[in-house]
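Written out below as structure tokens is the structure these notes cover.
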Amino acid sequence: MTKRIGEVILSFTNISLSFGGVNALTRIGFDVKEHEIRAIIGPNGAGKSSMLNVINGVYHPQQGEIVFRGKARRGMNTYESAKSGIARTFQNIALFKGMSVLDNIMTGRNLKMRSNFLLDALYWGPAQREEIAHRKKAEEIIDFLEIQHIRKTPVGRLPYGLQKRVELGRALAAEPAILLLDEPMAGMNVEEKQDMCRFILDVNDQLGTTIVLIEHDMGVVMDISDRVVVLDYGKKIADGTPDEVRANQDVIDAYLGVAH
Amino acid sequence: MFYREAGQFKATYEEDSRIFPIRQDRIVFAFILAFAFLGVPLLASLGIVSNYTFTAILTPFLIFSLAALGLNILTGYAGQLSLGTAAFMAVGAFASYNFMLRIEGMPILVAFMLGGLCAAAVGIVFGLPSLRIRGFYLAAATLATQFFIVWCLTKVGWFTNYSSSGVISAQKIVILGYTFQSSMSKYLFVLAVVSVMALLAKNMVRSNIGRSWMAIRDMDMAAEVIGFRPIRTKLMAFAVSSFYCGVAGALFAYAYLGTVEPEGFNLDLSFRILFMVIIGGAGSILGSFLGAAFIVLLPIYLNVLLNFTEAATGIDLPSGLSSSVELMVFGSLIIFFLIVEPHGLARLWQIGKEKLRLWPFPH
Amino acid sequence: MQFFFEVLIAGLLSGVMYSLVALGYVLIYKASGVFNFAQGAMVFFAALTAVGLHDLGLSLWVAVPLTMAVMVVLGLVTERIVLRPLVAQPEITLFMATIGLSFFIEGLAQAIWGANVRGLDLGIDDVPLEWLLDHANMAISQFDLIAAAIAAAMVAALAIFFSKTKIGRALRAVADDHQAALSVGIPLHHVWGVVWAVAGFVALVSGLLWGARNGVQFSLTFLALKALPVLILGGFTSVPGAIVGGLIIGASEKLAEVFLGPYVGGGIDGWFPYVLALLFLLVRPEGLFGEKIIRRI
């Protein structure tokens, strides 16, 4: 199976981010190509999550340039980032605990909804039609992720692995161009990991979504990623295909420690 | 046994996203509505339902339900705690009064709408701090609303039409030449308004706007990341909630009390409505009604109980004891519900229904 | 100008009393993360109990320690019945529970002692201090001065209690992280019990001072509500914040009422502190001395 990896869709040059004197990221530069699965790995505290937060506008780097679809973005906030087609999941599940699975996934479609609150209040005509149309889309995602049986269950009652899946569903509902996954397999058992891998590959394959993911499980990362960037102490130490990265001496040192 | 949904197949998403997807629920609800609109007046004409029932129980119950519904939108759905509910009610009442007073031929329903809109505007202004603060910081800030608005209405004579005592007498409710004079007609008027507004609220909370509120409530960071704008969402919750409270306040003045002063909308009333939401169930439309019924009925039954104790034991209980006992019972119930069932009566109702689905089998 | 200072000083003196009430809130918030809305009710309950016992013929020397005992019991019972089952609930749930608690305590106080206003005479006259009247020609109430002195002494004692004693250290540890405190062997419930008892003591002192000034009545609970803007200004976790916040609120409220009030019809001290706090919140949500909270995702 050959995947058609496209042009560069998102690129970073010289990204530096610091919190009150502590450097989280130092002059990071890499790019993401369309339709690829791009992994960011590194030891704890390497700045992976910070990088993800920079991509979707939670943090604003003090220096550096981000180019998304050929346009430089400056100080883009999370809303604009979502609007431009970037969706994400979180390391610690950030679902809406009081709402059902279906409602959670429906929230992912909010940017595609047109009706205003007055029409919503009447729940009539265009408002109802729109709601039903989005419901159909949400149901497609529910089918895709095989969570039909829990669609009306409040998310708070679900086990961890399923919650992770629902969170992926909510991000997919936005039909994103780029999907950011922050440790999608953390805390899962082997079967759950396999399921999640399958979903990620299917999303990438069938929907053509570009995926940027952070993951600790090396086996998974090396198996599913097209290219891997390695961070350590906020600096980039390697970038390339899984095989190249695996052979890189700096990476081995960072993970295993250096003999003195 | 009777409450089974087996055999009721939903073929379309329209059917699945109805307010009552289960047929039995629809039947029960239709029955309750029919009873409220037709049965109660019929019983009244037979002399079974007294005037007192209308003026002291049914009408206030409906009005408080509406106010609780308003607060529930803000606190239960959008997660923004407010201690200023009564202030928004006051704005609705006094604004409606002035629209009626100062504009010739103003239709009463339009005046109520405008009163609600004024309350919504005030709600937006006092909701602004919610953009920066949360939790009880916000609760403390809403106290500013409560005290400031009541002071304003008391001090600025224009609002009360320079009435020396600060008391206003609400105009008559006249629609298309019909005057709602009797306690029963007022009840029916309130019932109609509350029914329509409850339906609209239900529709809001099951569509995108409602989901945006709940998303902000449950995890505001994530809500922002998936594209809900916190400013818009929170202010919308304040506006809609205050609108409901404003209309409730107008009904409170026009259909329940008749004459009202700004002090009538004090902090105590705000708390009472908050209690309705907590006991009835935060984040539930039905809960607002259950909570209101509970809080309206409780003092009445407490009084009966105390009188009975007095008569039975022959001990002369000090006057004012019933109001103290009422405070204690309210307080303990709040604590009880928060500990035992934070989702209130509405959740108990839901659990009951789930049990009923299985009955007579245990599983 | 003279008059301005008179008002300012009177404001500052009543501000000290606000600080005292606010301190009761800070104590409990620091130790258990509960914003105890019932502090006002506790002030009312304490004052009413002390006066009630006094009216029954007990001397104040007996009535006050007796009330103290009652407050300790009340604190311990509250910790056991209300807070322990609600551990690890969201702050807002705990807050609402204390609203319920405040209703209960208010009802209890009135059920036992009746709803009438009672006077309390601590034996200090509310007259201008002659020395100041003679020398600086300023009318400053002797009562206010003494009350402020007592309050200031309390505030100082509590500050020392917090920073120097073993229980104070345990308290700060608990405030920082319940779980961690438990794991190093700090008896959590014991600490909470102590805190509630101390808060009860603070309530008693504030209740006696306020009660002697304005009569022991239901409106005491509203006075205690004024501690809320004090806390917003000072930050919910800061002892110095409570003190400075109290002084600011006390002074600004009096000044606003005297110099601004006449233009808008008076009575603005009812809401002025709240609006001041609200405006302040917009500028600095964490308060003057509060810790800036960094929210992580």
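Basis for what follows: all heavy atoms, side chains included, without hydrogens, waters or symmetry-related copies. Quick caveat, the model's predicted, so the values are computed rather than measured.
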(message) Strictly below 4.0 Å, N to O, side chains only: are B/R229 and A/E80 in salt-bridge contact?
(response)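 No, B/R229 and A/E80 are not salt-bridged.
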Which distance, rounded to the nearest 0.5 Å, do you find between the [atom1] of [X] and the [atom2] of [Y]?
{"X": "A/N92", "Y": "B/M219", "atom1": "CG", "atom2": "CE", "result": "9.0 Å"}
{"X": "A/D120", "Y": "B/R211", "atom1": "CG", "atom2": "CZ", "result": "8.0 Å"}
{"X": "B/I226", "Y": "A/T89", "atom1": "CD1", "atom2": "OG1", "result": "12.5 Å"}
{"X": "B/S207", "Y": "A/M106", "atom1": "OG", "atom2": "CE", "result": "9.0 Å"}
{"X": "A/F117", "Y": "B/T233", "atom1": "CZ", "atom2": "OG1", "result": "12.5 Å"}
{"X": "B/Y77", "Y": "A/M99", "atom1": "OH", "atom2": "CE", "result": "11.0 Å"}

Would you mind checking which part of [X] comes under 4.5 Å of any heavy atom in chain B, side chain (CB onward), backbone (N, CA, C, O), both or neither?
{"X": "A/T107", "result": "both"}
{"X": "A/R170", "result": "side chain"}
{"X": "A/L122", "result": "both"}

(request) Ignoring hydrogens and angles, tell me if any N or O in the side chain of B/D218 forms a donor-acceptor pair with the backbone of A/L95 under 3.5 Å. (result)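 Between the backbone of A/L95 and the side chain of B/D218 there is no qualifying donor-acceptor contact (under 3.5 Å).
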(message) Looking at A/I132, I want to see if its CD1 is surrounded by more than 12 non-hydrogen atoms of other residues, nucleotides or ligands under 6.0 Å.
(response)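 Enclosed: over 12 neighbouring heavy atoms sit under 6.0 Å from CD1 of A/I132.
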(message) More than 12 heavy atoms of other residues, nucleotides or ligands under 6.0 Å from CZ of B/R26: yes or no?
(response)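 Counting neighbours around CZ of B/R26, more than 12 heavy atoms of other residues, nucleotides or ligands fall under 6.0 Å, so yes.
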(request) Check whether any side-chain heavy atom of B/N203 lies under 4.5 Å from a side-chain heavy atom of A/W124, and answer yes or no. (result)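 They are not in contact (no side-chain heavy atoms under 4.5 Å apart), so the answer is no.
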(request) Against chain A, label B/V240 side chain, backbone, both or neither, depending on which of its atoms sit under 4.5 Å from a heavy atom there. (result)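 Contact with chain A: side chain only.
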(message) Given heavy-atom pairs under 4.5 angstrom as the criterion, report whether the side chain, backbone, both or neither of B/A223 touches chain A.
(response)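 Both the backbone and the side chain of B/A223 come within 4.5 Å of chain A.
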(request) Would you verify whether the NZ or CZ of B/R206 falls within 45 degrees of the ring axis of A/Y123 while also being under 6.0 Å from that six-membered ring's centre? (result)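 Yes, a cation-pi geometry holds between B/R206 and A/Y123.
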